[in-house]
Amino acid sequence: MKDNATPASPAIPAIAVIVPAAGIGKRMQAERPKQYLVLHNKTILEHSLARLQQVPTLSKIWLALAEDDPYFADINFDQSQIVTTKGGTERMHSVLNALQQIEPYKYPWVLVHDAARPVVRQADIELLIERCITTGDGGVLACRVRDTMKRGELTVAHTVSREHLWHALTPQLFPTALLKAALEDAIQAGVYVTDEASAMEWAGHPVLLVEGHSDNIKITQPTDLALAAFYLEQLI
Ligand SMILES: Nc1ccn([C@@H]2O[C@H](COP(=O)(O)OP(=O)(O)OP(=O)(O)O)[C@@H](O)[C@H]2O)c(=O)n1
Ligand SMILES: C[C@](O)(CO)[C@H](O)COP(=O)(O)O
């Protein structure tokens with residue numbers, strides 16, 4: 001990871017990193033926010049930061065934290081590469097708060113990765129970077145849906161075709177100025193987005209689908225912990 005705005009190589013412009021880590025992890029029902037739960041002797045946040053640190057083309061990290069976060073001070077990571085920013089009510093607010101600290105002329109691209117996704121592979125991140133920088137379009141790591149998909153509440157309303165249907169993952173990588181404008185406009189228009197790509201789509205920008213590994217899970221509920229621990233064993 002680069003610790004300044006100098007690009008790793010002339011071919012790849014400086015890429016800022018935003019890690020939204022200001023959630024409370026309601027669905028995890030744990031005694032602390034899930035990004036601070038420990039797997040293999042490290043917090044999930046430390047694992048996620050370590051995955052990003054493995055990518056030499058990434059620059060500084062803007063880490064969105066809850067205002068009353070009492071845990072971050074104890075994490076074991078080179079904090080010289082981290083700028084902490086204020087988390088917001090929703091994930092999109094946390095990301096926008098961080099974006100507003102990043103100067104597009106210094107960091108023309110920004111990569112957003114959930115703190116709750118500690119198993120992302122370096123090769124997948126590098127593939128996303130290569131595809132986006134080559135085309136000039138932003139994009140998301142994604143994996144194809146494998147199950148038959150149903151829409152409904154208590155009974156099936158209808159089956160959703162799984163052809164060309166994907167799970168959007170993170171990282172998501174976009175031109176910094178475009179993403180900032182898209183998120184600001186979407187939030188101003190009262191549009192609730194759960195990922196950066198949704199704001200870019202709403203603003204009419206193309207979003208590349210870059211196929212990544214399905215083990216890049218977002219730790220969300222208790223049963224995800226054992227699975228993430230297993231996947232992490234393969235990586236660390
Ligand atoms: N206001 C928020 C909400 C979420 N996040 C971050 O966005 C990522 C993905 O969000 P999610 O999995 O929904 O985390 P939580 O919001 O903590 O989970 P829950 O919805 O169960 O409370 C997490 O790393 C979380 O810390 C954030 O930075 N700011
Ligand atoms: C950004 C994301 O991880 C892509 O799948 C997802 O939208 C986050 O959703 P959450 O409800 O904030 O976990």
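FYI, the numbering just counts along the sequence from 1. Just so you know, ligand 1 is whichever comes first in the structure, and atom 1 is the first atom listed for that ligand.
Under a 3.5 Å cut-off, the side chain of T176 and the backbone N or O of P108 do form a donor-acceptor pair. The backbone N or O of V193 sits nowhere less than 3.5 Å from a side-chain atom of S198 that would complete a donor-acceptor pair. A donor-acceptor contact shorter than 3.5 Å is absent between the side chain of R27 and the backbone of T220.
Distances below 4.0 Å separate heavy atoms of R91 from the following atoms of ligand 2: 1 (C), 12 (O).
With sequence neighbours excluded, the residues satisfying ring-ring contact (aromatic ring centres under 6.0 Å, His included) with Y36 are Y71.
Counting heavy atoms of neighbouring residues, nucleotides and ligands inside a 6.0 Å radius, atom CD of Q188 does not exceed 12 of them. Atom CD of E233 sits in a crowded spot, with more than 12 heavy atoms from other residues, nucleotides or ligands closer than 6.0 Å. The number of heavy-atom neighbours closer than 6.0 Å to CG of D185, taken from other residues, nucleotides and ligands shown, is above 12.
Contact annotation for D114 and ligand 2: only side-chain heavy atoms (C-beta onward) come within less than 4.0 Å of the ligand. If you look at R27 next to ligand 2, the close heavy atoms, those under 4.0 Å, all belong to the side chain. Under 4.0 Å from ligand 2, the heavy atoms of R117 that appear belong solely to its side chain. Only the side chain of T170 comes within 4.0 Å of ligand 2, judged by heavy-atom distances.
Protein heavy atom at the shortest distance from atom 7 (O) of ligand 2 is T194 O, 2.8 Å. For atom 13 (O) of ligand 2, the nearest protein heavy atom (residue, atom name, distance) is K218 NZ, 2.6 Å.
Nearest residue to atom 4 (C) of ligand 2 from P171, S198, A168, G23 is A168 (criterion: closest heavy atom).
Within 4.0 Å of ligand 1, counting heavy atoms only, the contacting residues are P20, A21, A22, G23, I24, G25, K26, R27, K34, Q35, G88, T89, E90, R91, S94, D114, A115, A116, K218.
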Practice item. Walk me through it: do V110 and L99 pass the test side chain to side chain contact (heavy atoms under 4.5 Å, CB included)? Key: CA-CA 8 Å; V110 62; L99 264 175; 3.9 Å; yes
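Side-chain atoms of L111 and I18, non-hydrogen and from C-beta on, never get closer than 4.5 Å to each other. Annotation: side chain of L63 is not in contact with side chain of T85 (no heavy-atom distance under 4.5 Å).
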